[in-house]
Number of protein chains: 2
Amino acid sequence: MNQNIEMDVVARLRHFLATAELPEDGRLPPERELAQSLGVGRAVLRKALATLQAEGVVWRHVGKGTFTGDRPIDTVADINAMVQRTNPLEVMGARIAFEPEVARCAALNATASQIAEIRNCMIKAQQAPTWRQYEQWDNRLHRTIGEASQNSLLLGLLDTLSAVRRAVTWGRLRDTPVRPPPDHHSFVEHEQIVEAIADRDGAAAADAMRRHLRSVESHMRDMR
Amino acid sequence: MNQNIEMDVVARLRHFLATAELPEDGRLPPERELAQSLGVGRAVLRKALATLQAEGVVWRHVGKGTFTGDRPIDTVADINAMVQRTNPLEVMGARIAFEPEVARCAALNATASQIAEIRNCMIKAQQAPTWRQYEQWDNRLHRTIGEASQNSLLLGLLDTLSAVRRAVTWGRLRDTPVRPPPDHHSFVEHEQIVEAIADRDGAAAADAMRRHLRSVESHMRDMR
DNA sequence: GCTAAAACCAATTCACGATTGGTTTGGATA
DNA sequence: TATCCAAACCAATCGTGAATTGGTTTTAGC
């Protein structure tokens with residue numbers, strides 16, 4: 001009998017969805033009301049709703065409600081929303097997943113002048129007299145690699161990622177006269193990335209970028 | 001004498017900014033407090049703050065407050081701008097670069113229920129009676145993989161990419177009763193992706209996703 | 001003429017309660 | 001025993017209204 005009851009509820013729910021006048025957003029009454037109006041308990045109703053959800057007929061979200069039709073997709077890349085949901089660890093995870101592949105594309109598609117520009121950023125970063133300026137040139141280095149991928153969409157995603165990273169990153173660097181030490185780990189890593197791109201070696205570029213970001217990540221953890 | 005007073009206030013403000021312990025976000029006390037603690041009226045203080053704002057030392061916003069340091073960047077990624085600059089080929093290039101790494105993260109981090117959900121999407125896509133519904137479940141499959149990465153930032157970037165893809169993709173598929181053929185190339189490719197994720201094999205998941213997207217790309221070219 | 005003080009405006013934030021899907025528990029029912 | 005119902009609780013979300021804050025105007029005092 002148990003199946004009969006549940007099947008019955010599912011059928012009645014389908015009928016309800018087909019006939020009832022639903023508001024513009026396709027929202028249907030809260031579970032408590034719906035259960036009462038169908039004369040069943042919440043548990044049974046929820047089982048039936050779970051069935052419909054598995055079929056893709058409805059979708060639900062805590063605090064919002066139950067809706068019919070397609071789940072709306074965020075059409076606006078609200079960076080604020082991303083910033084609030086994420087954290088520095090996720091940011092590094094995303095960079096490690098994303099930027100190596102950007103570097104691979106850059107290695108395959110960069111123009112000669114872009115490679116020169118990347119080299120310039122690398123050198124300027126090495127010579128930076130303050131940490132702030134180092135950070136500036138490092139940012140520009142990574143973005144120029146994005147430009148060199150010759151894919152404006154990849155570049156757009158990289159910019160979005162960078163915006164989130166800047167917003168999430170803890171305390172800003174002081175403008176002190178302290179400069180990165182000459183044996184800063186990033187220097188040799190940058191060189192490996194740049195050389196791989198200049199050699200048009202996509203796999204090596206991706207590997208070098210991955211090593212670089214993992215190194216940044218481990219130093220980030222040390223600083224805590 | 002008016003100038004003397006204002007210059008004095010500006011100077012004292014600079015001293016305050018240099019010495020006072022400011023909170024992490026660089027916010028300084030509201031105008032009313034600051035005016036009182038400096039022993040001047042709000043109007044005079046505001047003139048001095050306007051001077052500092054013109055110099056870029058501070059920035060202000062109604063309802064938020066007055067802050068030192070750089071004004072945070074505009075936090076809305078303009079999807080329309082990306083759409084106008086890019087094209088279907090770039091979209092596929094970005095997908096091929098990005099989604100395999102998302103699949104790799106998913107393989108390492110997915111929960112059991114998420115793997116079940118991914119399997120469900122795959123099956124529903126195979127059984128879809130129309131191309132539109134196939135597309136729906138295919139989209140949901142790829143997004144669920146993004147959720148399974150357990151990285152909200154990766155998911156946000158994937159959503160951005162998807163939004164651009166939908167906006168760029170050529171004409172929509174009809175809702176005809178025609179359904180994907182049972183030997184549709186995506187079916188076996190989907191299976192390979194899902195199995196790799198279920199096996200927690202990140203490299204295999206990335207490879208399978210890459211093969212899948214390259215296959216989609218080649219079929220896209222054939223259709224032209 | 002300049003300043004201080006107060007009042008008001010609009011954007012933003014904050015706190016709190018209400019709502020809602022998700023989950024657990026205890027008891028009733030067949 | 002197995003199922004269902006009722007109730008309570010949890011966490012995410014939404015709505016509302018008070019409080020805060022920069023921006024502006026008005027009024028009064030020196």
Side-chain angles (χ1 to χ4, degrees), chain A residues 1-10 12-13 22-54 57-68 71-72 74 78 80-86, chain B residues 1-10 12-13 22-54 57-69 71-72 74-76 111-114 116-117 147 152 155:
Chain A
M1 291 304 174
N2 51 359
Q3 283 194 353
N4 283 349
I5 291 182
E6 186 184 331
M7 295 297 284
D8 183 41
V9 174
V10 172
R12 283 159 70 192
L13 267 182
L22 291 178
E24 176 68 17
D25 55 358
R27 180 180 189 175
L28 47 97
E31 293 182 353
R32 291 161 177 83
E33 287 182 24
L34 205 51
Q36 196 170 10
S37 76
L38 292 184
V40 299
R42 250 188 98 198
V44 177
L45 172 65
R46 282 182 55 71
K47 271 190 185 176
L49 281 177
T51 302
L52 293 183
Q53 187 176 30
V57 179
V58 302
W59 61 273
R60 300 182 280 177
H61 195 337
V62 192
K64 287 185 174 177
T66 305
F67 302 80
T68 68
R71 177 186 241 107
D74 278 345
D78 187 355
N80 274 334
M82 296 191 204
V83 169
Q84 286 178 349
R85 289 198 194 95
T86 192
Chain B
M1 291 305 170
N2 51 0
Q3 284 196 352
N4 280 350
I5 291 182
E6 185 184 329
M7 295 296 286
D8 183 39
V9 174
V10 172
R12 282 159 70 191
L13 267 182
L22 292 179
E24 177 67 18
D25 55 0
R27 180 180 192 177
L28 47 97
E31 294 182 351
R32 291 160 178 82
E33 287 183 24
L34 205 50
Q36 195 170 12
S37 76
L38 292 184
V40 299
R42 249 187 98 197
V44 177
L45 171 64
R46 282 181 55 71
K47 273 191 184 176
L49 282 177
T51 302
L52 293 183
Q53 188 176 27
V57 179
V58 301
W59 62 274
R60 299 183 281 176
H61 195 321
V62 192
K64 288 185 173 177
T66 304
F67 302 81
T68 68
R71 175 186 240 111
D74 262 350
T75 54
V76 190
T111 68
S113 69
Q114 281 169 333
E117 171 73 9
E147 292 176 7
S152 65
L155 180 60

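To find a chain, count down the sequence lines: A is the first, B the second, and so on, and within it residues start at 1. Not measured: the values here are computed from a predicted model.
Legend: residues meeting side-chain contact (heavy atoms from CB on, under 4.5 Å) with A:R46, ordered by chain and number and at least two apart, are A:E31, A:R42, A:R60. Contacts of B:P29 classified as side-chain contact (heavy atoms from CB on, under 4.5 Å), with partners at least two apart in sequence or in another chain: B:F16, B:E33, B:L34. Partners of B:S152 according to the side chain to side chain donor-acceptor pair (under 3.5 Å) rule, which considers only residues two or more places apart in sequence or in another chain, are A:E90. In terms of the side chain to side chain donor-acceptor pair (under 3.5 Å) criterion, B:T68 has no residue partners (sequence neighbours excluded).
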Extract from the structure each pairing of a protein N or O with an N or O of nucleotides 12-18 of chain D at less than 3.5 Å, listing the distance.
{"unit_1": "D:dT13", "atom_1": "OP1", "unit_2": "A:H61", "atom_2": "NE2", "d": "3.4"}

Nucleotide N/O to protein N/O under 3.5 Å, stretch nucleotides 25-30 of chain D:
none

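Rounded to whole Å, atom P of D:dC9 lies 14 Å from atom CZ of A:R42. Rounded to whole Å, atom C1' of C:dC9 lies 13 Å from atom CZ of B:R46. Here D:dT21 presents its P atom at 14 Å from CH2 of B:W59, a figure rounded to the nearest Å. Rounded to whole Å, the distance from CG on B:L38 to P on C:dA4 is 11 Å. Look at CZ on A:R60: it is 7 Å from C1' on C:dG21, rounded to the nearest Å. A:L49 has its CG atom 9 Å from the P atom of C:dG22, to the nearest Å. Atom NZ in B:K47 sits about 7 Å away from atom P in C:dC2, given to the nearest Å. If you take CG of A:L45 and C1' of C:dG22, they are 13 Å apart, rounded to a whole angstrom.
With contacts defined as side-chain heavy-atom distances shorter than 4.5 Å, the pair B:R12/B:L38 qualifies. Looking at A:V57 and A:L13, their side chains never come closer than 4.5 Å, going by heavy atoms from C-beta outward. Contact of the A:D25 side chain with the A:F67 side chain is registered, since non-hydrogen atoms from C-beta on lie closer than 4.5 Å.
Sparse packing is recorded around CD of A:Q36, with 12 or fewer heavy atoms of other residues, nucleotides or ligands lying under 6.0 Å away.
Residues B:L45 and B:A35 approach most closely at CD2-N, 3.5 Å, considering heavy atoms. Minimum interatomic distance between A:L49 and A:V58 (heavy atoms only, all atoms of both residues): O-CG2, 4.0 Å.
In this structure, B:E147 CD and B:E117 CD are separated by 7.5 Å, a value rounded to the nearest 0.5 Å.
A heavy-atom distance below 4.0 Å to DNA chain D is reached by these residues of residues 24-33 of chain A, ordered by number: A:R32.
Contact annotation: A:T66 side-chain N/O to C:dG21 OP1/OP2 distance is under 4.0 Å.
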